[in-house]
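Remember, predicted model here, so these are calculated numbers, not experimental data.
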Amino acid sequence: MIELSLLTALLAGLLGGVHCVGMCGGIVAAFSFRADGSTPPFRLHLAYNLGRVSSYVMFGALAGTLGASLKLAEFMPVQTLLFVLAQLVMILLGLYLAGFSQWVLVFERAGGVLWRAVKPLFQKLLPVKTMPQALLAGMAWGWLPCGLVYSVLVSALAAGSATSGAALMLAFGLGTLPNLLGMGLFARQIQPFMQQLWVRRVAGLTVAGFGVWGLLNLAYSAFSNT
């Protein structure tokens, strides 16, 4: 199932761009307008996003490690519970992206405590003047409380190992790259399209559909083994 989970994480990142436009638009604007102009914008935005994805991978490895310890040597009820939880959160995430539910925001509020500690460090890195500075700013950006990130982290928790958890968050981070790189370079052209209701609905319901598919596969496997 790891291949399906990686695909789900990748598409969650890609389709979650309808959320990223609103959530990260201010930060992307800060990067764009507070740079000193000595480094090409594309290189800076690439470094920002490399740092951000690196933070996601670290989170995924930690979540995978924690999940592996909770599974207690593949104790089946715990393993199944983590998988079901991951699929339910994916459904809630899709409903949130589509504009039908706000439950995912619970994760964002919980992460606000960490962001308040990281935010002053992030602000000290602006304006960005060097590529290493951009990389560090991107790593701090990765700590921004985001229901989209935290929802996929639940899947990393259920992945079963640090390697699998890191791989899931890497896939998710790569999925977010087209939207956030594009937003940094073509914000005016992208934002109106991504905020259209039909785009949000299609993206959100597709993400929710992956969660439903995961639960159906689990039910089919359980039925087949009885």
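Note on residues 148-171: no pairs pass ring-ring contact (aromatic ring centres under 6.0 Å, His included), not counting sequence neighbours.
The shortest heavy-atom contact between L168 and A159 is CD1-CB, 3.8 Å. Taking every heavy atom of both residues into account, V152 and A12 meet most closely at CG2-CB, 4.4 Å. Heavy-atom minimum distance, A117 versus P120: O-CD, 3.5 Å. Across all their heavy atoms, A158 and F83 have their closest contact at CB-N, 4.1 Å. In this structure, Y56 and G173 approach most closely via the heavy-atom pair CD1-CA, 4.0 Å. Heavy atoms only, all atoms of each residue included: R43 and M131 are closest at O-CE, 3.4 Å.
By the side chain to side chain contact (heavy atoms under 4.5 Å, CB included) test, L135 is found to be paired with L50, residues two or more places apart in sequence or in another chain being considered. Applying the side chain to side chain contact (heavy atoms under 4.5 Å, CB included) test to T163 and every residue at least two apart in sequence or in another chain returns S161. Take T176 and apply the side chain to side chain donor-acceptor pair (under 3.5 Å) test, not counting sequence neighbours, and it matches R52.
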Please list, one pair per line, the donor and acceptor atoms closer than 3.5 Å that link side chains of residues 86-101 to other protein atoms, with sequence neighbours excluded.
from: Y96; atom 1: OH; to: H19; atom 2: ND1; distance (Å): 3.3
from: S101; atom 1: OG; to: W103; atom 2: N; distance (Å): 3.3

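Here L157 contributes atom CG and L62 contributes atom CG; the two are 11.5 Å apart, rounded to the nearest 0.5 Å.
Of the options V199, L205, T206, a side chain to side chain contact (heavy atoms under 4.5 Å, CB included) to V202 is made by T206 and by none of the others.
Cluster membership check: L125 does not share its hydrophobic cluster with L121, using side-chain heavy-atom separations under 4.5 Å among Ile, Leu, Val, Met, Phe, Trp and Tyr. Hydrophobic clustering of Ile, Leu, Val, Met, Phe, Trp and Tyr side chains at less than 4.5 Å, counting indirect connections, keeps V149 apart from M139. L46 and L136 fall into different hydrophobic clusters, where Ile, Leu, Val, Met, Phe, Trp and Tyr side chains are chained together by heavy-atom contacts under 4.5 Å. Under the 4.5 Å side-chain heavy-atom criterion for grouping Ile, Leu, Val, Met, Phe, Trp and Tyr, L153 is connected to L85 within one hydrophobic cluster.
Ring geometry, H45 versus Y48: the interplanar angle exceeds 60°, so the pair is classed perpendicular (tilted spans 30 to 60°). In this structure, F59 and W143 have perpendicular ring planes: the angle between them is above 60°, well past the 30° mark.
Put simply, the side chain of N49 never gets that close to the backbone of G138: no donor and acceptor are under 3.5 Å apart.
Between V84 and L215 there is a side-chain heavy-atom pair separated by less than 4.5 Å.
Other residues sharing the hydrophobic cluster of Y220, ordered by chain and number and joined by side-chain separations under 4.5 Å: none, the residue standing alone.
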